[in-house]
Amino acid sequence: MVSFTNTSNLSYCRDLQVPPLGGGGGVILAIESSCDETSASVCKNGIILSNIIAGQAIHEKYGGVVPELASRAHMENIVPVVDEALKTAGIELKNIDAIAFTQAPGLIGALLVGAEFAKSLALALEKPLIAVHHMQAHVLANMIPEKKPDFPFLCLTVSGGHTQIVLCESPVQMKVIGETIDDAAGEAFDKSAKLLGLPYPGGPLIDKHATNGNPQRFAFPEPQIPGLNFSFSGLKTSILYFLQNAGVSNVYKEDFKATEEEKKQFIDDNLNDICASIQQRIISILINKLKKAAKETGIKNICIAGGVSANSGLRKALVETGDQLGWQTFIPAFEYCTDNAGMIAITAYYKYLAKDFADLSVTPTARAEW
Ligand code: KG4
Ligand code: ZN
């Protein structure tokens with residue numbers, strides 16, 4: 001058996017040389033590996049110099065992310081991705097001032113790959129380590145562009161695993177004021193797509209088909225959930241019944257169930273309209289809660305973040321609603337919506353300014369409180 005002395009106070013942590021702020025230092029290498037994207041980014045004084053993302057097509061044929069395959073793909077990708085991020089940024093390892101990584105939440109085997117890589121690098125380079133919360137990073141993706149929101153702002157964070165309204169008072173002070181009680185918005189997209197026979201991840205495909213469809217054609221129910229919380233599981237059930245009945249009804253009917261062939265024909269004939277109608281309902285659920293949150297808090301700086309913020313209909317709806325209600329709206333560029341290390345780097349930059357460094361004994365966790 002191997003035994004170690006307490007590693008939580010390594011001399012490395014005590015003797016760190018933290019470069020002066022804004023003085024040409026503050027070069028951060030960030031790593032993201034929480035799910036099925038291996039990504040690395042270099043940021044200098046809050047400016048992103050590179051954001052390299054390697055996706056994992058292997059999950060497509062399984063209709064969802066397979067955790068062990070994700071971990072293995074991260075193992076394969078991490079060195080070339082980090083190398084490419086450094087090259088693109090024109091930065092050598094010796095010029096890095098801190099190493100950041102996604103600590104939580106995510107798939108534990110996937111997080112471990114990025115965490116151990118970052119810790120090893122921090123130890124070898126004798127540089128500080130910064131542990132980043134993935135959901136806070138999605139929110140702070142809005143601080144990447146030149147046009148940044150003033151604080152406080154509200155952020156609707158919509159991803160494959162989360163749907164939250166976050167009240168952000170400063171880069172390091174955030175509070176979740178509403179969240180889903182069941183499925184996330186991304187899951188609602190992906191599960192609906194699966195029912196339609198579309199491959200994983202279905203969100204972008206629903207978006208694509210919706211562009212050519214009529215969103216008023218089919219009606220799906222809007223759940224009545226109190227407060228600022230969301231629910232998407234009822235929508236999924238109603239889509240299931242709707243397809244089982246080949247569009248005749250979206251409530252369960254004992255007496256009618258279409259054959260597989262009828263169902264397939266119905267989907268083939270109406271795919272664009274079905275996608276547009278589903279997307280429209282998901283967007284109205286999100287925007288209505290955002291309106292409620294803005295009214296209750298009196299905050300008019302409104303951001304969106306997370307993979308689903310790449311959705312063209314949601315982006316449009318946010319801008320239109322903002323114009324009507326006098327909001328300042330902010331939407332990250334596409335590459336900073338889905339999982340990426342640029343958002344980890346910008347979050348790490350603020351933690352760097354706050355000298356919020358992690359100890360080498362830090363471990364990732366699948367779930368994390370804010
Ligand atoms: O933030 P993200 O990359 O990973 C998580 O942390 O979950 O979000 C992935 C989710 C998936 O559910 C995917 O289908 C959804 O974002 N997504 C979209 C679009 N692009 C990605 N959903 C709707 N429309 C899109 N264009
Ligand atoms: Zn994410």
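When a ligand or atom number is given, it counts from 1 through the structure's own listing order. Note that the structure is a prediction, hence the values are computed from the model and not measured.
In terms of protein heavy-atom proximity, atom 2 (P) of ligand 1 is closest to Asp339 OD1, 3.4 Å. If you check which protein heavy atom lies closest to atom 22 (N) of ligand 1, you get Gly203 CA, 3.4 Å. For atom 14 (O) of ligand 1, the closest non-hydrogen atom on the protein side is Asp190 OD1, 2.6 Å.
Note that OG1 of Thr211 and CG of Asn272 are 8.5 Å apart. Values are rounded to the nearest 0.5 Å.
With Ser277 contributing its side chain and Phe218 its backbone, the two residues share a donor-acceptor pair below 3.5 Å. Of the possible polar contacts, none joining the Lys236 side chain to the Glu187 backbone as a donor-acceptor pair under 3.5 Å is found.
Where the criterion is an N or O separation shorter than 3.5 Å, residue side chain and backbone included, Glu187 fails it with respect to ligand 1. The shortest N/O to N/O separation between Thr338 and ligand 1 does not fall below 3.5 Å. Taking distance alone, with nitrogen or oxygen atoms compared against 3.5 Å, Gly307 approaches ligand 1 more closely than that limit. Below 3.5 Å of separation, one finds no N or O of Gly306 facing any N or O of ligand 1. Residue contacts with ligand 1: Gly160 is placed with a nitrogen or oxygen under 3.5 Å of a nitrogen or oxygen of the ligand (distance criterion only). Note: an N/O pair closer than 3.5 Å links Asp207 and ligand 1 by distance alone.
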I would like to know whether Leu286 and Phe230 meet side-chain contact (heavy atoms from CB on, under 4.5 Å); could you show each step before the answer?
-> CA-CA 8 Å; Leu286 296 171; Phe230 302 86; 3.8 Å; yes
Evaluate the criterion ring pair (Phe, Tyr, Trp, His ring centres under 6.0 Å) for residue pair Phe220 and Phe242; output intermediate values, then yes/no.
-> CA-CA 9 Å; Phe220 296 105; Phe242 171 79; 5.0 Å; yes
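At a threshold of 4.0 Å, the pair Lys264-Glu260 does not count as salt-bridged, since none of the basic side-chain nitrogens sits closer than that to a carboxylate oxygen. A salt bridge does not link Arg72 with Glu76: none of the charged nitrogens is closer than 4.0 Å to a carboxylate oxygen. Asp190 has no carboxylate O lying under 4.0 Å from a charged side-chain N of Lys194, or vice versa, which leaves the two without a salt bridge.
Of the angles at the Zn ion (ligand 2), the one spanning OD1 of Asp339 and NE2 of His134 is 90° when given to 10°.
Contact atoms of ligand 1 toward Ala310: 20 (N), 26 (N) (distance under 4.0 Å to a heavy atom of the residue). Applying the 4.0 Å criterion to heavy atoms of Gly186 picks out, from ligand 1, the atoms 12 (O). Of all atoms in ligand 1, numbered sequentially from 1 with element shown, those under 4.0 Å from a heavy atom of Gly161 are 7 (O).
Only the side chain of His138 comes within contact range of ligand 1, with a heavy atom under 4.0 Å; no backbone atom does. Using a 4.0 Å cut-off between heavy atoms, Asn311 contacts ligand 1 through both its backbone and its side chain.
For the Zn ion (ligand 2), the set of nearby N, O or S atoms under 2.8 Å includes none belonging to His162. Not one N, O or S atom of Cys35 sits under 2.8 Å from the Zn ion (ligand 2).
Cation-pi geometry between Lys148 and Phe330 is not met: the NZ or CZ atom fails to fall both under 6.0 Å from the ring centre and inside 45° of the normal. Judged by the 6.0 Å distance and 45° axis criteria, Arg281 is not positioned over the aromatic ring of Phe232.
At a 4.0 Å cut-off, at least one heavy atom of His134 sits close enough to ligand 1 to count as contact. Between Pro204 and ligand 1 there is a heavy-atom distance shorter than 4.0 Å. A heavy-atom separation below 4.0 Å is not found between Lys208 and ligand 1.
Atom NE2 is the N/O/S atom of His138 found closest to the Zn ion (ligand 2).
Side-chain polar atoms of Asn288 and Glu222 form a donor-acceptor pair below 3.5 angstrom.
Minimum heavy-atom separation, Arg367 to Ala104: O-CB, 4.4 Å.
With Leu154 as the partner, the side-chain contact (heavy atoms from CB on, under 4.5 Å) test is satisfied by one option alone out of Leu228, Leu167, Ile304: Leu167.
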